[in-house]
Each structure stands twice: as structure tokens, then as C-alpha cells.
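Input: a single structure, listed below in C-alpha cells.
Just so you know, these numbers use all the heavy atoms, side chains as well, and skip hydrogens, waters and symmetry mates. As the structure is a computational prediction, the values presented were derived from the model and not from experiment. For this chain, numbers begin at 1 and follow the sequence in order.
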Amino acid sequence: MRNTDILISGAGIGGTALAYWLRAAGFAVTVVERAPEPRPGGQTVDLRGAGRTVVSRMGLMDRARALAVDQRGFAYVNGAGRITARMPADSFGGEGIISEIEILRGDLARLLYDATLPDTEYLFDDTVTRLDEDDDGVTVTFEKAAPRRFGLVVGADGLHSAVRALAFGPEPDCVRPLNAYTAWFTAAEDLRLDGWMLMYNEPGGLVASARPGRLPGEIKAGLGFRSAPLAYDRRDISAQQDLVARRFAGAGWEVPRLLRAMRAAPDFFLDSMAQVRLDSWSRGRAALVGDAGYCATPLTGLGTSLALVGAYVLAGELASAGGDHRIAFRKYDEVMRPYVDQAQQLPPGGAWGYAPSSAPAIGLRNLSMRAMNHWPMKNVLAAQFAKAGNIALPEYDRLAAAGGGAGDRG
């Protein structure tokens, strides 16, 4: 590969992790991001399994732990706010629904972003609109910046990836919807959480949740619902909030307060729950990493691990392939495919377990939660949570020699 310039679309967790490892291996890296700056806030994500190992090899684990949110665990509540079932954070060796290390998505992305500086170029407030590939590289057309040449292009730009649409085909050909939607936002509300992530279900497939943020008085809220596919403008936040408000009109627990807080939230985000299923994560000189290539949905709790591990493996294979991206892409698929296939297997109940449609179904789901620390449910759940570490993570000499792997290992 004569042109060692690589463009990454997306400055989230997968994109910044990939930039870090590619720079460690000696590639010249540019990251394009539609947002005007690194995205702050966001919900809490799990740092678990092999994803935790990747952060340790970066030497960033101590700093990640310092940013972790203090949470006691996960609990279901009824309309009166009484806990009906719970799972403490130390369940399953700290790898349960709430993992030992929970960190806000924006905090983790910022930590990784800072680790890429000053050697990585960022193009904020822009996106890729066209890819023209030839034998020597790719001419990339941007929405705002002038066209440029790169040796490779990697889409790390999420479920609605621009790179995937340009290089692999239309979204409906790549994405399998679960017929569920979730809105996430930050609320400045004085809810009595006592350190727990609380989740409330209401018949009709409605889900409301609230969990502690990292800052005092900050709550990370979620409002999810089951629905057939919906058409809406992803840039019209007010219309999306109206949609959510209509769905939750008359709902109990703390939902009215959360709906009021939603209107003033600085980071409101609504999206469908869906999985990306592809036979290959590369097409010519374009490749995909993280949600763009193999979104597993938040129901699995493995999206962050997949993004971190995928970035590390892709960079490691590119560094080891002697300049032949075709070999690297093939090895990337071979290493990641079993891990991704396991991660995309939904936990028991799937979307139904997340958002039961009737009161009896909600009661049955709560009963199953109370049984999770006992045989046979304990073994079923242990297998689900163990998926985060079910990969023999390679040691790439060029990454370690270039500085990857220095620092703390905790």
C-alpha cells in the first residue's frame, strides 16, 4: 500500500481507538466527524471483557477508572417506585447488566480522542459524500472540505454509516431492525436513585429508565418503546421529542418528569434498535468498524467492547500485512467474526424482554430477574455476560513496539 494515509469517518469510541492504534503503527490518520466538536455527554457504556484489555494496552485504564460512574447496580421498579427485582453491580464477577466499570460515552470518547493528539488530523463539522476508488487509492469527496486522496477509508460512523452507504449499499440491505426505539438524554432532576439504575415498564411495550450521571444532580434518562419501523427526520429534534411524548402520554412512575426534562436536554438522541449484518466488513479499499459494521444493539451490552476490539484488530492486521490491505482485511474478518457472531446473539427475551407488551409479561420478566442469581438462569446469564471476553486477543508486535501497550494494565 503505497499511500499510507487513512481516512476514518466518525470520532466516536471506535473511530478514536482506531486512530490511536493506526498512528502507533506509523500510518497518517485523518478523522472526519459530522459534529462540530467531540460529542459530550451521552449514556453510560460498559467497559468490560476484551474491550477493557484494549484500553489497558493503551495505558489508559487508570484514567478510565477515574472517570467511571459510581453505580450500585440495576433494578426494576413498579409505578410506585418500589423495587421489584434487582442485580447488584458485583453480580457475575462485575460483568452483569451493570458492569464493574461504567463510563459515560462522551467521557470515554474524549479520553481516546485526547490520546490521539497531536498526531491525528480532525475534520469536524463535515462528512463523506462520495468515494471514487482506483488501483492506487480512494478520492474522497466531502460535504465541505476539498476532495482528497487516501489509501484506505474506514467507516466508524455508527448504525447509519455514510461510508457503509457509499461502499456497501443502502441501509435496508445491511440493517435488521428489532422494531424498537430508544431516546437517551441527560436530565437535571432530583430523582432518588440511591446509586441504582432504575427501569420501569408499562404495558404497550414502554420502557423508562434513570441512572446516575458522573456529576452531582445529573441523571441519564432513557425512554424506549416497541414499534413497527417509523419514518422521521433524524435532524428534527423537536419532532422526535413530540413523537416520544405522544408514545408516553399518561405513563406512570417518573415519566412525566422525564418528559419535561427531555425538552431541555442538551444531548437528546433518538434511534432505532437494529443490528448490522454483513458477510464482509470490507469492500475494496473501504472497511467498517464498530456499529457501522456489526452493531449488536444496546440490549447486548457489548457495543463498546466490539468497537474497541475491532479497532485494535483492524489496526494490528493493517500493521502486520506488509502493505497489502487485502490480506489485512481478510485477517480482520477471520479474527473478529466468531466474536461478533456471539455478541450479536440477543440475551433471553430479546426486545420482548426489554419491553414486554402486557402486565402479566412484565411480571414474568421480573420473576426471571429474581431467578438470575440461581440455577439454571444463573448459567444462562453467565454465558451471555462472558461473551465480552470470548476472544483470544492477538498481540501485534508493531503496535507494542510503537508504544501501544505501555502504561498501566489494571
Side-chain angles (χ1 to χ4, degrees), residues 14 43-46 48-51 74 76 85 87 91-92 95-99 102 105 158-160 171-172 174-184 197 199 201 204-209 222-230 270-279 281 288 290-310 336-358 361-362 364-373 376-391:
Q43 293 294 304
T44 307
V45 298
D46 310 301
R48 63 172 85 219
F74 173 89
Y76 288 116
M87 180 182 290
S91 299
F92 298 93
E95 298 283 1
I97 294 175
I98 299 296
S99 69
E102 297 267 337
R105 180 204 170 279
L159 180 63
H160 307 291
E171 186 167 304
C174 307
V175 175
R176 297 184 186 179
L178 298 185
N179 291 341
Y181 291 80
T182 303
W184 303 107
M197 176 184 178
M199 182 174 284
N201 289 92
L206 301 180
V207 187
S209 65
L223 295 170
F225 56 93
R226 289 168 60 189
S227 171
L230 298 170
L270 173 69
D271 208 350
S272 60
M273 284 194 179
Q275 293 192 332
V276 177
R277 298 289 189 123
L278 296 169
D279 294 332
W281 299 313
L288 303 171
D291 280 357
Y294 32 83
C295 178
T297 82
L299 298 180
T300 68
L302 296 174
T304 301
S305 293
L306 286 174
L308 290 168
V309 173
M336 287 295 295
R337 185 67 60 173
Y339 187 55
V340 170
D341 286 348
Q342 287 187 69
Q344 290 193 319
Q345 297 170 12
L346 296 177
W352 178 92
Y354 165 72
S357 57
S358 66
I362 293 170
L364 183 62
R365 195 279 320 280
N366 292 347
L367 182 63
S368 70
M369 168 67 87
R370 291 194 289 272
M372 283 180 183
N373 284 311
M377 283 297 295
K378 183 174 183 178
N379 291 351
V380 174
L381 267 294
Q384 175 68 26
F385 298 135
K387 291 176 182 178
N390 282 353
I391 183 172

Mind checking whether [X] and [Y] have side chains closer than 4.5 Å, heavy atoms only?
| X | Y | value |
| --- | --- | --- |
| Leu299 | Leu178 | yes |
| Leu306 | Val340 | yes |
| Val207 | Met199 | yes |
| His160 | Asp271 | yes |
| Asn179 | Ser227 | no |
| Val175 | Cys295 | no |

Testing the basics here: between [X] and [Y], what is the closest heavy-atom pair and its distance to 0.1 Å?
| X | Y | answer |
| --- | --- | --- |
| Ser209 | Trp184 | OG-CZ3, 4.1 Å |
| Gln344 | Val276 | NE2-O, 3.0 Å |
| Trp281 | Met336 | CZ3-CB, 3.6 Å |
| Ala50 | Val309 | CB-CG2, 3.6 Å |

Those residues at least two apart in sequence (or on a different chain) that pass ring-ring contact (aromatic ring centres under 6.0 Å, His included) with Tyr339 are none
Would Thr182 and Tyr354 satisfy side-chain hydrogen bond (donor to acceptor under 3.5 Å, both in side chains), going step by step from the backbone distance to the final call? CA-CA 11 Å; Thr182 303; Tyr354 165 72; 3.3 Å; yes
So Val45 and Glu102, side chain to side chain contact (heavy atoms under 4.5 Å, CB included) or not? Walk me through it. CA-CA 6 Å; Val45 298; Glu102 297 267 337; over 6 Å; no
Please enumerate all residues that pass side chain to side chain contact (heavy atoms under 4.5 Å, CB included) together with Ser357, with sequence neighbours excluded. Arg226
Which residues share a side chain to side chain contact (heavy atoms under 4.5 Å, CB included) with Pro172, sequence neighbours left out: Pro170
Tell me whether the guanidinium CZ or amine NZ of Arg365 lies under 6.0 angstrom from the six-membered ring centre of Trp352 and within 45° of its axis. no
Looking at [atom1] of [X] and [atom2] of [Y], how far apart are the two atoms once the value is rounded to the nearest 0.5 Å?
| X | Y | atom1 | atom2 | value |
| --- | --- | --- | --- | --- |
| Met273 | Leu346 | CE | CG | 10.0 Å |
| Leu302 | Asp46 | CG | CG | 8.0 Å |
| Tyr76 | Asn201 | OH | CG | 6.5 Å |

Please indicate whether Arg176 has more than 12 foreign heavy atoms, meaning atoms of other residues, nucleotides or ligands, lying under 6.0 Å from its CZ. no
